[in-house]
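Structure first, then comments.
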Amino acid sequence: MVLKTFGWSFAVTALGLVAAFFYGGWQAFGIVAILSILEISLSFDNAVINAGILKKMNAFWQKIFLTIGILIAVFGMRLVFPVVIVAVSAQLGPIEAIDLSFNDPDRYKELVTDAHPAIAAFGGMFLLMIFLDFIFEDRDIQWLRWIERPLAKLGKVDMLSVCVALVVLLVSAMTFATHAHQHGGGHVDKTSTVLLSGIAGLITYLIVGGLSGFFEGKLEEEEEREQEAEEQAKKAGKPVTGVALAGKAAFFLFLYLEVLDASFSFDGVIGAFAITNEIVLMALGLGIGAMYVRSLTVYLVRQGTLDDYVYLEHGAHYAIGALSVILLVTIQYEINEIITGLIGVVLIGLSFWSSLRRNKAIAASGGSSGDAGGSAGSKAEVHSGV
């Protein structure tokens, strides 16, 4: 199972490290290895969130996610995206930007750094909306009940997450963007840039998330109709013929996954510049890391890990919330990527530990891990909250 799921990741790792060695010797080999570990540690929460969405898709769309999706993730976000940032921010043509990345990596890094406030605002707002929509939703299973219960009650207010996100953006723009970067000995006011980029991130979330939610609802309705048709066919003694699931539903969920991955990759791409300016090494290292995130996502789906360890999704969303705040803070202040990665790992680790405690409590009381709404589940939740 492990080899089947992670086989391509192992192969890409070997090829990537060999290519790095031939490109720049042992130093390049070491840089690519470090970048791969950085990407995996920063994106573990991404895999958990992806798994929650991917399990709603059929096998065909899971394969699309692993093939076309990985091409978009590796080549689009880890190779093309940094070049696009430079081209747009410096008003260069794409060919000039690529030439700059190879022949003047220091200038290339400088241009990407100048574009960081816009990137951080866009990604920060997109991820913040994911966290807010999760935390304001009333759900049967709660991890940190003392936080989640009152926030779920507040969440009944219409458009609360959008209002909170806009307030956070406004405060971030006024606090961090006014003196975001020094340029030529003076300060550059990035307030308008941060506001526009943040609003763009919010709009992107609302459009893509709204469409995926709409078509997900259509998908569920069609599944219900399919089940009813199958039951009627069985009663009538007729052969059961499955109804094809709505392609639009799966497509928009796939689109949502790709935008989500793009937002998660912002911190990895920006963090990579702290290690190297060479675009080839960045693409190799981050690409290897992205492959493992994809494989881990599929592994979580096929093993049913999210169903067995019910607080993992909670931990991942708290990690997303922390990452969104970190991205907004980095508009002005530098935060070490190790801290960013550790926060996510710690939160997911704690949620996994809480899930284990919950499962043990349920087993001890004679229940099952699926009894979320039962007395055993409720009792376990009380004891397993962090």
Side-chain angles (χ1 to χ4, degrees), residues 1-51 53-55 57 59-84 98 101-102 254 257-303 305 316 337 340-341 344-345 348:
M1 176 66 187
V2 173
L3 186 61
K4 184 180 178 182
T5 307
F6 289 88
W8 278 105
S9 297
F10 296 150
V12 169
T13 302
L15 288 171
L17 290 173
V18 169
F21 176 76
F22 281 107
Y23 179 80
W26 287 111
Q27 184 178 359
F29 180 96
I31 288 170
V32 169
I34 291 167
L35 285 172
S36 304
I37 295 167
L38 171 74
E39 178 70 7
I40 294 167
S41 65
L42 287 174
S43 299
F44 191 82
D45 47 356
N46 188 5
V48 177
I49 299 300
N50 283 352
I53 300 167
L54 197 65
K55 69 180 181 182
M57 296 181 177
F60 170 77
W61 280 99
Q62 288 182 10
K63 285 180 181 176
I64 293 292
F65 177 72
L66 268 178
T67 52
I68 297 173
I70 196 64
L71 289 173
I72 295 170
V74 174
F75 294 103
M77 288 310 302
R78 275 75 179 182
L79 184 61
V80 177
F81 175 65
V83 175
V84 170
I98 293 169
S101 68
F102 283 102
F254 172 75
L257 270 176
E258 291 307 315
V259 178
L260 186 64
D261 178 74
S263 297
F264 271 108
S265 69
F266 288 152
D267 61 327
V269 171
I270 299 303
F273 280 101
I275 297 167
T276 181
N277 296 346
E278 293 198 37
I279 192 73
V280 173
L281 300 184
M282 282 176 61
L284 285 172
L286 297 178
I288 290 170
M291 279 295 298
Y292 279 98
V293 173
R294 281 296 199 275
S295 297
L296 185 59
T297 298
V298 173
Y299 181 80
L300 291 173
V301 172
R302 290 175 181 169
Q303 293 292 101
T305 306
E337 289 73 33
T340 307
V345 170
I348 291 171

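Residue indices begin at 1 and follow the sequence shown.
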Could you tabulate the donor-acceptor pairs under 3.5 Å formed by side-chain atoms of residues 280-289, not counting sequence neighbours?
none

task = Ignoring hydrogens and angles, state whether a donor on the side chain of S36 or Y292 is under 3.5 Å from an acceptor on the partner side chain.
result = no
What one should report as the nearest heavy-atom pair of A51 and V301 is O-CG2, 3.5 Å
Please tabulate, for side-chain N and O atoms in residues 22-31, each donor-acceptor pair with protein atoms closer than 3.5 Å (sequence neighbours left out).
unit_1	atom_1	unit_2	atom_2	d
Y23	OH	E278	OE1	3.0

